[in-house]
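Since the model is a prediction, treat every value here as computed from it, not as a measurement.
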Amino acid sequence: MESQTSYLSPIGTICVTANAMGVTSVRFVEENWENNNSLKEPNEHTEQCTLELNRYFKGEQMYFHTPYMVQGTAFQQRVWEYVHHMAYGKTTSYIDIARAIGYPNHARAVGNALSKNHVAIMLPCHRVLKKDGQLNAYAWGTSRKQWLLDHEQRAVDTLTKGI
């Protein structure tokens, strides 16, 4: 049975959906979404994910440990696996991912695969930029993408100053 819960982040309301195996969706929704939709009971995965989102937005957590389930083609899975292992606070480009996974001429296909990412923030496609380092499309809006990048950089800066 699928479960849902909402989380109010600093950049908008997030709906977390999960089944018994793990999180299936983390997406930004309209501000009044919770009032207009009947939420299914949360489960252990939605609860763990919202706790981790809370720590992420406080700058206390860099990586997500909640299991997630994303379905896609073999190529999409390779792209998502690569992005899953990207270092917190670091960015890369579509072409660099394409080269790293063995498809050097498929930067657009990498972008397409990332546009199909259903677990925002957990699978950090916001860390992927154009080859010139500029922002480009993000399913949840470029202002959110920039906010997430700035947030992670602030957290990294705070950690490195404390060392």
Side-chain angles (χ1 to χ4, degrees), residues 7-18 21-31 45 48-163:
Y7 172 78
L8 184 56
S9 82
I11 53 175
T13 302
I14 297 173
C15 173
V16 178
T17 306
M21 301 294 289
V23 171
T24 57
S25 174
V26 175
R27 68 187 194 285
F28 288 92
V29 294
E30 297 299 319
E31 294 299 324
H45 300 303
Q48 181 180 350
C49 183
T50 55
L51 287 172
E52 289 185 343
L53 283 168
N54 193 46
R55 290 193 295 260
Y56 170 86
F57 282 109
K58 287 181 176 179
E60 298 170 352
Q61 182 162 338
M62 297 180 175
Y63 300 98
F64 288 81
H65 306 289
T66 306
Y68 61 86
M69 311 295 294
V70 290
Q71 296 196 8
T73 67
F75 180 81
Q76 289 169 335
Q77 293 288 339
R78 285 182 81 170
V79 171
W80 297 336
E81 183 68 18
Y82 183 89
V83 171
H84 172 78
H85 293 288
M86 285 180 60
Y88 180 90
K90 301 289 184 191
T91 60
T92 192
S93 70
Y94 299 96
I95 188 67
D96 289 338
I97 293 173
R99 290 176 182 145
I101 65 169
Y103 292 88
N105 298 320
H106 290 75
R108 285 187 186 192
V110 167
N112 188 44
L114 293 176
S115 75
K116 307 247 186 310
N117 171 16
H118 295 289
V119 286
I121 305 171
M122 289 181 74
L123 226 168
C125 60
H126 60 273
R127 297 180 190 153
V128 184
L129 307 172
K130 293 179 1 182
K131 68 180 175 181
D132 65 2
Q134 297 298 310
L135 289 184
N136 58 323
Y138 181 59
W140 313 110
T142 54
S143 62
R144 283 187 175 125
K145 183 173 189 164
Q146 185 65 62
W147 192 98
L148 292 166
L149 293 171
D150 292 345
H151 168 69
E152 290 183 5
Q153 191 56 58
R154 282 189 303 273
V156 167
D157 291 347
T158 299
L159 287 172
T160 55
K161 286 179 186 172
I163 294 176

Point to revise | Spacing of Gln71 atom CD and Trp80 atom CH2 [to the nearest 0.5 Å] | key: 9.0 Å

Check your understanding: Which value, rounded to the nearest 0.5 Å, describes the distance between Tyr138 atom OH and Leu129 atom CG?
Key -> 12.0 Å

Check your understanding: Rounded to the nearest 0.5 Å, how far apart are CH2 of Trp147 and NE2 of His151?
Key -> 5.0 Å

Exercise for review: Tell me, with the steps shown, if Ile14 and Leu8 meet side-chain contact (heavy atoms from CB on, under 4.5 Å).
Suggested key: CA-CA 6 Å; Ile14 297 173; Leu8 184 56; over 6 Å; no

Review point. How about Tyr68 and His84: does a side-chain donor come under 3.5 Å of a side-chain acceptor?
Key: yes

Exercise for review: If the plane angle is over 60° it's perpendicular, under 30° parallel, otherwise tilted; pick one for Tyr56 and His126.
Suggested key: perpendicular

**Study point:** Where Gly72 and Gln77 come nearest, the two heavy atoms and their spacing
**Key:** N-NE2, 3.3 Å

Review point. Short question: side chain of Lys145, backbone of Val128 - any donor-acceptor pair under 3.5 Å?
Key: yes

Practice item. Of all the heavy-atom pairs spanning Gln61 and Tyr88, show the shortest one and how long it is. Key: O-CE1, 4.1 Å

Check your understanding: Partners of His65 by side-chain hydrogen bond (donor to acceptor under 3.5 Å, both in side chains), sequence neighbours excluded?
Key -> none

Revision key, fill the gap. Closest non-hydrogen atoms of His118 and Lys116, given as atom of the first, atom of the second and distance, are CD2-O, 3.1 Å

Which pairs of donor and acceptor atoms, one on a side chain in residues 94-105, lie under 3.5 Å apart (sequence neighbours left out)?
from: Tyr94; atom 1: OH; to: Asn136; atom 2: OD1; distance (Å): 3.3
from: Tyr94; atom 1: OH; to: Asn136; atom 2: ND2; distance (Å): 2.9
from: Asp96; atom 1: OD2; to: Ser93; atom 2: OG; distance (Å): 3.1

Review point. Mind checking whether Ser25 and Val16 have side chains closer than 4.5 Å, heavy atoms only?
Key: no

Point to revise | Contacts of type salt bridge (charged side-chain N to carboxylate O under 4.0 Å, His left out), residue Arg127, not counting sequence neighbours | key: Glu152

Practice item. Before giving the answer on side-chain contact (heavy atoms from CB on, under 4.5 Å), spell out for Gln153 and Val156 the whole-Å C-alpha distance, their side-chain angles and the decisive distance to 0.1 Å. Key: CA-CA 5 Å; Gln153 191 56 58; Val156 167; 4.1 Å; yes

Check your understanding: To the nearest 0.5 Å, what is the distance between CG (Leu53) and CZ (Phe64)?
Key -> 4.5 Å

Check your understanding: Which pair of heavy atoms, one from Gln76 and one from Thr73, lies closest together, and at what distance?
Key -> OE1-N, 2.8 Å

Check your understanding: Would you call Lys130 and Leu135 a side-chain contact if the rule is heavy atoms closer than 4.5 Å?
Key -> no

Review point. In terms of heavy-atom contacts, does CZ of Arg108 have more than 12 from other residues, nucleotides or ligands at under 6.0 Å?
Key: no

**Study point:** Side chain proximity check, Leu148 to Ile11, heavy atoms < 4.5 angstrom
**Key:** yes

**Study point:** Test side-chain contact (heavy atoms from CB on, under 4.5 Å) applied to Val26 and Cys49, step by step
**Key:** CA-CA 9 Å; Val26 175; Cys49 183; 4.0 Å; yes

Exercise for review: Using the side-chain contact (heavy atoms from CB on, under 4.5 Å) rule, take Val23 and Gln48 through it: C-alpha gap first, then chi angles, then the decisive distance, then the call.
Suggested key: CA-CA 10 Å; Val23 171; Gln48 181 180 350; over 6 Å; no

**Study point:** From OG1 (Thr17) to NE2 (His45), nearest 0.5 Å
**Key:** 13.0 Å

Revision key, fill the gap. Note: Tyr63 and Ala87 closest approach over all heavy atoms is OH-CA, 3.6 Å

Check your understanding: Are any non-hydrogen side-chain atoms of Ile121 and Phe57 less than 4.5 angstrom apart?
Key -> yes

Review point. Could you give the distance from CG (Leu149) to NZ (Lys90), rounded to the nearest 0.5 Å?
Key: 13.0 Å

